Amino acid sequence: MANRTDPAAKSIRGTNPQNLVEKILRSKIYQNTYWKEQCFGLTAETLVDKAMELDHLGGTYGGNRKPTPFMCLVMKMLQIQPEKEIVIEFIKNEDYKYVRILGAFYLRLTGSDIDVYRYLEPLYNDYRKLRQKLVDGQFSLTHVDEVIDELLTKDYSCDIAMPRIKKRWTIESLGALEPRRSALEEDFEEEEEKEDNDQPADVHEDRTEKDYYRGRSPTRERDRDRRRDTHRHRDRDYDRDYDRDYDKDYERERGRGRDRDREKERDRDRYHLRDDKEYGRDREGRERERRDRDRGRGRRRSYSRSRSRSRDRKEHDGDYRKRRARGSLSPRRHGDGVEDGEPKKKKEKKEKEKKDDGTDHPDPEIAEANKLRASLGLKPLKM
C-alpha cells in the first residue's frame with residue numbers, strides 16, 4: 001500500500017507517473033531505508049519540510065547503487081502527484097536551492113514542453129553552488145544553471161531517462177512561445193544608454209580632435225612608417241627563410257622519393273629476372289619432357305612399324321605358300337583315276353561301302369529300309 005500511486009493521480013504521458021522511473025531504480029527506492037522511514041505518509045504540505053533538509057542531489061551511488069534522498073523525494077512526488085501551483089512555488093523558491101531543483105526536476109518529468117521552457121529557462125540566472133553525489137560516492141561541485149542546462153539538453157539526469165521534448169525553435173515557429181531574452185541583455189542596453197547620456201557634446205568633440213591630431217602628428221607618422229618598414233622587412237625575411245626551408249624540405253623529400261622509386265625499380269627488375277630464370281628453367285624442363293616424349297613416340301612408332309611389316313611379310317609368305325601349294329596340285333584328267341584331288345582307291349572304297357549298305361537294292365522298299373538301318377547302325381537287308 002505504501003508504494004502505490006495516489007488513486008486521484010492522473011496518468012502522465014499515457015502511463016502511471018511512477019513508471020517514469022525505471023523498474024530497477026524503482027525497486028531499489030522501495031527497499032531503501034530513507035524511503036521506508038522518512039517518506040512514509042508524506043503529503044504535498046509535509047514534503048516541503050523534507051525537501052528543505054536536503055544538502056545534496058544525485059541519482060544512485062556505491063557498489064549496490066543506493067538511491068539518494070533527492071531521488072526518493074522525486075519518487076514520492078510522482079506517487080502523490082502534487083498540484084501544479086505547488087510545483088511552481090517550489091521552482092520560484094529562492095531561499096532553498098535544493099527545493100528549487102526538486103521542483104524543476106519533477107516539472108521536467110511531468111510537465112508539457114511549453115511549461116518546461118517557460119519555468120526552467122529563468123533559472124539560468126541562478127549561479128548558486130550545489131553539491132552532487134557521484135556514482136562512486138564522492139561529492140562534486142556544480143551550479144544551479146548547470147543542472148538546468150542538463151535537464152533541458154541531456155537525455156539522462158540523475159540516472160533517469162528524461163522524456164523527449166520539442167526543440168525551442170520549433171515551439172517558437174508555432175507561436176506558442178516567445179523568443180528567449182537574456183537577462184544580461186537588458187543590463188547591456190541600460191549601460192549603453194547611460195554612457196550616451198552622461199557624455200557631453202564638448203568632451204566628445206575634444207576627444208575626436210585629440211585623436212585626429214594625435215594620428216596626424218609628424219613624429220607619430222614617422223614612428224608608424226619606421227615600424228611598418230621594420231615589420232615589412234621582417235615579414236620579407238621570414239618569407240624568404242620560409243621559402244628557403246620549404247625548398248630544402250621539398251628537395252629532400254624529392255630525393256627520398258627518387259631513392260624510393262629507384263629501389264622499387266631495382267626490386268621490380270630483380271623480381272622479373274628471377275621470374276625469367278624460373279620461366280627459362282621451366283621452359284627447358286618442358287622442352288626436355290617434350291623431346292623425351294617424342295623420342296618415346298618414335299620408338300613406339302618404329303616398333304609398331306616393324307611389327308606391322310613382319311606381320312605383313314608373314315601374311316604375304318603364308319598366302320604365297322598356299323598359292324604355291326594349290327598351284328602344285330595337278331588338275332583332274334580323264335581316265336587317270338583321280339577326281340577332285342582324291343585318289344582312286346578311296347573312291348572305290350566309298351563305292352564299295354555304298355554297295356554293302358544295301359541302299360542300291362533294286363527294290364525300292366528294301367533300299368529305303370536299308371537307309372534307315374544304315375542310319376541306325378544296323379546291318380542291311382539282303383534278299
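Note that the structure is a prediction, hence the values are computed from the model and not measured.
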side-chain contact (heavy atoms from CB on, under 4.5 Å) assessment of L78 paired with Y106:
CA-CA 8 Å; L78 292 173; Y106 177 78; 3.6 Å; yes
Walk me through whether Y34 and T68 qualify under side-chain contact (heavy atoms from CB on, under 4.5 Å).
CA-CA 9 Å; Y34 183 86; T68 59; over 6 Å; no
Might you work through the side-chain contact (heavy atoms from CB on, under 4.5 Å) test for T43 and I80, ending with a clear yes or no?
CA-CA 7 Å; T43 60; I80 63 178; 5.6 Å; no
Using the rule given for side-chain contact (heavy atoms from CB on, under 4.5 Å), can you reason through F90 versus M77, listing the C-alpha separation, both sets of side-chain angles and the distance that settles it, and then say yes or no?
CA-CA 12 Å; F90 277 23; M77 292 182 70; 4.1 Å; yes
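Aromatic ring centres of F70 and F105 lie closer together than 6.0 Å.
Proximity of L42 to Q79: side-chain heavy atoms (C-beta onward) are nowhere separated by under 4.5 Å. A 4.5 Å side-chain heavy-atom check between L54 and L73 finds at least one atom pair inside the cut-off. With contacts defined as side-chain heavy-atom distances shorter than 4.5 Å, the pair D145/N125 does not qualify. When side chains are defined from C-beta on, D115 counts as touching R118, because their heavy atoms get closer than 4.5 Å. Under the 4.5 Å side-chain criterion, counting only non-hydrogen atoms from C-beta, M75 is in contact with R26. Between P82 and V87 there is a side-chain heavy-atom pair separated by less than 4.5 Å. Within the 4.5 Å cutoff, side-chain heavy atoms of R100 are placed close to those of E94. At least one side-chain heavy atom of H56 sits less than 4.5 Å from a side-chain heavy atom of P69.
With hydrogens and angles left out, the side-chain atoms of T46 and D49 include no donor and acceptor closer than 3.5 Å. Checking K10 against Q81 by side-chain atom types alone, no donor-acceptor pair falls below 3.5 Å. Between the side chains of S173 and T170, not a single donor N or O lies within less than 3.5 Å of an accepting N or O. No donor-acceptor contact under 3.5 angstrom links the side chains of E37 and T33, judged on distance only. In this model, a donor atom of one side chain and an acceptor atom of the other lie less than 3.5 Å apart for Q18 and Y30.
Separating the CZ atom in R291 from the CZ atom in R288 is a distance of 6.5 Å, to the nearest 0.5 Å. Here CD1 of I86 is found 9.0 Å from CD of E89. Values are rounded to the nearest 0.5 Å. Taken from CD1 in I29 to CD in E22, the straight-line distance is 10.0 Å, to the nearest 0.5 Å. The structure places CD1 of I12 at 11.5 Å from CG of N19, a figure rounded to the nearest 0.5 Å. To the nearest 0.5 Å, the span separating NZ on K133 from NZ on K66 amounts to 9.0 Å. Distance check: R260 CZ to E263 CD gives 8.5 Å after rounding to the nearest 0.5 Å.
The nearest pair of heavy atoms linking R128 to N93 is NH2-O, 4.3 Å. Here the closest non-hydrogen pair linking N32 and P67 is ND2-O, 3.5 Å. Across all their heavy atoms, I91 and A104 have their closest contact at CG1-N, 3.7 Å. In plain terms, the two heavy atoms of I148 and L123 that are nearest each other are CD1-CD1, 3.5 Å. Contact between Y117 and L177 at its shortest, heavy atoms only, is CB-CD2, 3.7 Å. Between I24 and S27, the shortest heavy-atom distance links the atoms O-OG, 2.7 Å.
A salt bridge does not link D126 to K97: none of the charged side-chain nitrogens sits closer than 4.0 Å to a carboxylate oxygen. In this structure, E265 does not pair ionically with R262, as no charged nitrogen and carboxylate oxygen lie closer than 4.0 Å. Between R168 and D113 there is no salt bridge, since no side-chain N of the basic residue sits under 4.0 Å from a carboxylate O of the acidic one.
Identified under the salt bridge (Lys or Arg N to Asp or Glu O under 4.0 Å) test for residues 67-77, with sequence neighbours left out: none.
Taken together through direct or relayed side-chain contacts under 4.5 Å among Ile, Leu, Val, Met, Phe, Trp and Tyr, M52 and V74 form part of one hydrophobic cluster. No single ILVMFWY cluster, assembled from side-chain heavy atoms under 4.5 Å apart, contains both L25 and L134. Taking hydrophobic clusters as Ile, Leu, Val, Met, Phe, Trp and Tyr residues chained together by side-chain heavy-atom distances below 4.5 Å, L20 shares a cluster with I101. There is no path of hydrophobic side-chain contacts, each under 4.5 Å, that joins V147 to F139.
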Considering only distance and modelled atom types, tabulate donor-acceptor pairs under 3.5 Å from the side chains of residues 152-165, sequence neighbours left out.
unit_1	atom_1	unit_2	atom_2	d
T153	OG1	D149	O	2.4
D159	OD2	T60	N	3.0
D159	OD2	T60	OG1	2.6

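With hydrogens and angles disregarded, a donor-acceptor distance shorter than 3.5 Å links the side chain of Y98 to the backbone of D55.
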